[in-house]
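Just so it is clear, the values below take in all heavy atoms, side chains as well, and ignore hydrogens, waters and symmetry mates. Keep in mind that what you see is a predicted model, and the values were worked out from it rather than measured.
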Amino acid sequence: MIMEERLNSHYESLSRCIAFTRTADAKAAPVLALQIAVLGALAARFEKLIPALLVESWSFERALLWVVLGIYLVFMGAAVAMAAWVYMPTHPRTGQSLIYFEDIAAMRSEEFVKRSKEMSSDMIEEQLLSQIHIVSQIASAKMRRVQWAFWLSMPSLALGLTLLAWGSVRL
């Protein structure tokens with residue numbers, strides 16, 4: 001009975017780790033939505049900024065606008081890239097796990113059934129613990145990327161709003 005309790009505890013731990021990966025995915029979505037919304041608003045106002053960007057002679061306003069636009073694009077691109085990276089698969093199949101769906105999918109059905117039936121409780125526990133460790137690493141990496149995406153979004157949002165205001169002033 002103790003082994004059964006341990007296995008249940010490990011399974012619950014694995015489920016929590018998987019839930020953390022989903023939480024990271026859910027947190028990355030607003031970053032992408034915010035960046036796309038600001039970029040869309042800028043695109044709608046871009047015709048107001050074009051005259052200031054393309055005037056014949058260089059002016060302080062034109063130079064500053066180009067600098068702000070360039071810095072905005074760098075931060076926006078980095079925030080979008082970091083948020084999108086959260087969704088990228090990060091663990092290749094090994095062909096060894098009877099728990100990881102990619103490893104299972106790569107096996108023939110008969111091989112999976114046979115190997116699964118041959119597993120002892122100790123082997124199941126070892127595989128569960130291995131998956132907990134792997135999924136924890138994935139969740140941790142995803143959460144770091146989400147954090148970076150949020151940090152990169154702050155200057156991007158400020159610069160995007162500055163550009164929107166600049167476009168509004170140029171009406």
Side-chain angles (χ1 to χ4, degrees), residues 9-54 58-106 127-171:
S9 174
H10 298 328
Y11 181 76
E12 288 173 17
S13 292
L14 180 58
S15 295
R16 280 192 304 276
C17 292
I18 291 169
F20 278 119
T21 65
R22 291 185 184 128
T23 299
D25 293 348
K27 288 182 176 200
V31 171
L32 290 171
L34 174 69
Q35 295 302 327
I36 290 168
V38 172
L39 188 60
L42 280 170
R45 292 255 185 208
F46 197 66
E47 73 265 0
K48 306 294 184 204
L49 291 172
I50 289 175
L53 289 168
L54 300 178
W58 278 96
S59 66
F60 177 75
E61 179 187 14
R62 180 180 182 203
L64 184 60
L65 184 56
W66 274 107
V67 168
V68 170
L69 180 62
I71 295 171
Y72 162 75
L73 290 172
V74 167
F75 278 105
M76 183 273 302
V80 167
M82 198 58 69
W85 194 11
V86 170
Y87 296 102
M88 300 304 291
T90 57
H91 186 68
R93 65 177 171 227
T94 63
Q96 303 302 312
S97 177
L98 296 177
I99 296 173
Y100 180 47
F101 72 96
E102 287 287 351
D103 284 343
I104 294 169
Q127 290 223 356
L128 275 170
L129 292 170
S130 175
Q131 279 303 117
I132 290 167
H133 186 261
I134 289 167
V135 175
S136 293
Q137 289 176 321
I138 292 168
S140 178
K142 284 179 169 243
M143 287 295 195
R144 269 193 312 280
R145 291 177 193 139
V146 167
Q147 184 179 28
W148 273 103
F150 272 98
W151 282 111
L152 291 165
S153 286
M154 288 181 210
S156 172
L157 179 60
L159 292 166
L161 293 175
T162 300
L163 290 166
L164 281 171
W166 208 322
S168 295
V169 170
R170 301 228 22 110
L171 290 172

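Taking every heavy atom of both residues into account, V86 and A24 meet most closely at CG1-O, 3.8 Å. Minimum interatomic distance between C17 and S136 (heavy atoms only, all atoms of both residues): SG-OG, 3.1 Å. Here the closest heavy-atom approach between residue S153 and residue A79 is recorded as OG-CB, 3.6 Å. Counting all heavy atoms, side chain and backbone alike, L98 lies closest to I104 at O-CD1, 3.3 Å.
Remark: R145 CZ to W148 CH2 distance equals 13.5 Å, nearest 0.5 Å. Separating the OG1 atom in T23 from the CD1 atom in I18 is a distance of 12.0 Å, to the nearest 0.5 Å. Here the CD atom belonging to E102 is positioned 11.0 Å from the OG atom belonging to S97, to the nearest 0.5 angstrom. Going from atom CG of D103 over to atom CD of Q127 covers 8.5 Å, rounded to the nearest 0.5 Å. With rounding to the nearest 0.5 Å, the separation of CD1 in I138 from NE2 in H133 is 11.0 Å. Y11 contributes atom OH, which lies 10.0 Å from atom CD1 of I99 (distance to the nearest 0.5 angstrom).
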side-chain contact (heavy atoms from CB on, under 4.5 Å) between M76 and V38, intermediate numbers included:
CA-CA 9 Å; M76 183 273 302; V38 172; over 6 Å; no
Output, in order, the C-alpha distance, side-chain angles, deciding distance and verdict of side-chain contact (heavy atoms from CB on, under 4.5 Å) for I134 and Y100.
CA-CA 10 Å; I134 289 167; Y100 180 47; over 6 Å; no
Show, in sequence, the C-alpha distance, side-chain angles and deciding distance for V146 and D25, and conclude whether the side-chain contact (heavy atoms from CB on, under 4.5 Å) test is met.
CA-CA 8 Å; V146 167; D25 293 348; over 6 Å; no
Going through the distances and angles, do R16 and E12 end up as a side-chain contact (heavy atoms from CB on, under 4.5 Å)?
CA-CA 6 Å; R16 280 192 304 276; E12 288 173 17; 3.9 Å; yes
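Shown here is F150, whose CZ atom has more than 12 heavy atoms of other residues, nucleotides or ligands within 6.0 Å.
At least one side-chain heavy atom of L39 sits less than 4.5 Å from a side-chain heavy atom of Y72. Using a 4.5 Å heavy-atom cutoff, the side chains of L159 and L69 are not in contact. With a 4.5 Å cut-off on side-chain heavy atoms, I132 and L129 count as touching. By the 4.5 Å heavy-atom criterion applied to side chains, L32 and Y87 are counted as neighbours.
Only one option out of K142, R144, Q137 pairs with S140 in a side chain to side chain donor-acceptor pair (under 3.5 Å); it is R144.
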